[in-house]
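For reference, the structure is listed below as structure tokens.
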Amino acid sequence: MDKVKEDMEVAGDKYRSILNEEAKSTQWRHGGPPIFDKVNKLFEEGRTKEWPKGSIKETVQNTVKSWEMELSHKTSLNDFKTINPEKFKLIVNGRKGLSGEETLQLGSYNALLKNSLPKEFQYYRADEETFKSSHDAFRSAFPRGFAWEVISVYSGPPVVAYKFRHWGYFEGPFQGHAPTGEMVEFYGIGIMKVDEFMRAEDVEIYYDPAELFAGLLKGPVLNAIAETQQNKSAGTSSFHHCPFSE
């Protein structure tokens, strides 16, 4: 336990440099700053672009990674360095914007996956998930992490428009579906208005959730697998105890 605490205290990250500057008073969701070794490895092995150091593309990529880190691992907006808490709005696929506090309470997955479809057509029911349950579900599905990269940047500050790619390997169960081991990925567009400190004020995200769920729902339903195995077992058992074979 002491070793884990020590690792958290010295945690730094080359893609999320703000982790090197965190105050001891920062309120962390899991007791200390996160360590991104696994997802960084996945990112470096699977990225399609490697941007020059200091370029606008690298800056945007690291800014969004840092923003996502804060949203997932900090519990107080006062500790955020990547957004302007007084102005921040997150708009996903044209829906009503969420404030910083609303986004923090929902969690990044629920904020990005909310939709207005009738319940019977929803791949994922964000309204029925908590911050913890949503993160647990995706950590289970992607044990090596869910990597993110910038593909293109179309305009620089103060309004940054970019294309992104999100991917991971479906190697753990997801809400009753067995893993396939295959890569699951989707692409999207982001429009981020920033202030003079590169803090986000408005973030608009546009993507097709069906790209993500097509891969996650591809695995067979675990209950069906168990039932099939049980039926096979029962069938074998019945064969050996058939009265006509005695």
Side-chain angles (χ1 to χ4, degrees), residues 4 7 11 13 15-16 29-30 34-49 61 64-65 67-69 71-73 92-93 106-115 117-151 163-190 205-236:
V4 173
D7 288 343
D13 192 277
Y15 304 115
R16 304 162 185 85
R29 191 172 296 278
H30 304 292
I35 297 171
F36 289 95
D37 292 351
K38 285 195 296 185
V39 74
N40 285 349
K41 184 174 186 291
L42 178 66
F43 167 71
E44 289 167 359
E45 292 174 347
R47 61 186 166 187
T48 61
K49 309 285 185 180
Q61 182 168 264
V64 177
K65 285 179 183 285
W67 170 72
E68 193 282 329
M69 178 278 295
L71 183 59
S72 295
H73 295 278
V92 180
N93 289 338
L106 282 172
S108 53
Y109 289 114
N110 286 337
L112 290 170
L113 294 170
K114 280 176 67 70
N115 67 74
L117 288 171
K119 291 240 178 191
E120 61 268 27
F121 298 121
Q122 291 182 15
Y123 310 113
Y124 174 92
R125 297 178 179 178
D127 293 339
E128 297 177 7
E129 300 290 341
T130 64
F131 186 111
K132 184 179 185 304
S133 70
S134 64
H135 280 256
D136 286 349
F138 283 92
R139 284 182 184 134
S140 168
F142 300 122
R144 285 193 274 165
F146 200 19
W148 190 94
E149 70 170 334
V150 159
I151 299 295
K163 181 178 182 179
F164 66 87
R165 170 179 172 248
H166 220 335
W167 78 98
Y169 286 87
F170 185 19
E171 296 170 327
F174 177 77
Q175 296 199 333
H177 287 266
T180 63
E182 298 177 359
M183 184 174 71
V184 174
E185 66 179 343
F186 69 90
Y187 292 81
I189 296 292
I205 303 293
Y206 298 92
Y207 76 106
D208 182 359
E211 286 188 47
L212 168 63
F213 288 108
L216 289 175
L217 303 183
K218 186 176 180 181
V221 177
L222 289 169
N223 287 343
I225 295 174
E227 188 176 325
T228 299
Q229 291 174 340
Q230 188 176 9
N231 289 341
K232 284 182 179 178
S233 176
T236 303

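Note that the coordinates shown come from a computational prediction; the quantities given were computed from them, not determined experimentally. Position 1 is the first residue of the sequence, and the numbers go up from there.
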Under the 3.5 angstrom rule, does the side chain of S133 hit a backbone N or O of T130 as a donor-acceptor pair?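 Checking the backbone N and O of T130 against the side chain of S133, a donor-acceptor pair under 3.5 Å is found.
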Output field: ring centroids F36/F43 closer than 6.0 Å: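 No, too far apart.
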Does anything in residues 118-127 form a salt bridge (Lys or Arg N to Asp or Glu O under 4.0 Å)? List the pairs, not counting sequence neighbours.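 Listed by first then second residue: K114-D127, K119-E128, R125-E128.
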Enumerate the residue pairs fulfilling salt bridge (Lys or Arg N to Asp or Glu O under 4.0 Å) with a member in residues 207-219, sequence neighbours excluded, ordered by first and then second residue.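 Matches after skipping sequence neighbours: E182-K218.
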Which distance, rounded to the nearest 0.5 Å, do you find between the CZ of R29 and the NE2 of H73?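 That separation rounds to 9.0 Å.
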Between CE of M183 and CD of E171, what distance do you get to the nearest 0.5 Å?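 That separation rounds to 12.0 Å.
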Between [X] and [Y], what is the shortest heavy-atom contact and its length?
{"X": "A178", "Y": "L222", "result": "CB-CD2, 3.5 Å"}
{"X": "S72", "Y": "H135", "result": "OG-CE1, 3.3 Å"}
{"X": "S108", "Y": "L71", "result": "CB-CD2, 3.6 Å"}
{"X": "L216", "Y": "A141", "result": "CD2-CB, 4.2 Å"}

Test salt bridge (charged side-chain N to carboxylate O under 4.0 Å, His left out) applied to [X] - qualifying residues, sequence neighbours left out:
{"X": "E68", "value": "none"}
{"X": "K49", "value": "none"}
{"X": "R139", "value": "none"}
{"X": "R165", "value": "E149, E185"}

Within the 4.5 Å heavy-atom criterion, are V64 and V150 side-chain neighbours or not?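 No. Closest side-chain heavy atoms not under 4.5 Å.
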Under the ring pair (Phe, Tyr, Trp, His ring centres under 6.0 Å) test, residues paired with H177 that sit two or more places apart: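 For H177 there are no ring pair (Phe, Tyr, Trp, His ring centres under 6.0 Å) partners, ignoring immediate neighbours.
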Taking only residues two or more places apart in sequence or in another chain, which ones pass ring pair (Phe, Tyr, Trp, His ring centres under 6.0 Å) with F186?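 With sequence neighbours excluded, F186 shows a ring pair (Phe, Tyr, Trp, His ring centres under 6.0 Å) to H166, Y207, given in chain and number order.
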I would like to know whether I205 and N93 meet side-chain contact (heavy atoms from CB on, under 4.5 Å); could you show each step before the answer? CA-CA 6 Å; I205 303 293; N93 289 338; 5.8 Å; no
Contacts of [X] that satisfy side-chain contact (heavy atoms from CB on, under 4.5 Å) - sequence neighbours left out:
{"X": "K38", "result": "none"}
{"X": "Y124", "result": "N110, L113, A126, E129, S134, F138, F174, Q175, F213"}
{"X": "L42", "result": "R144, A147, W167, Y169"}
{"X": "N115", "result": "L117, Q122"}

One pair to check against side-chain contact (heavy atoms from CB on, under 4.5 Å): I151 and Y187. What are the steps and the verdict? CA-CA 9 Å; I151 299 295; Y187 292 81; 4.3 Å; yes
Could you walk me through whether F146 and V39 pass the side-chain contact (heavy atoms from CB on, under 4.5 Å) check? CA-CA 7 Å; F146 200 19; V39 74; 5.6 Å; no
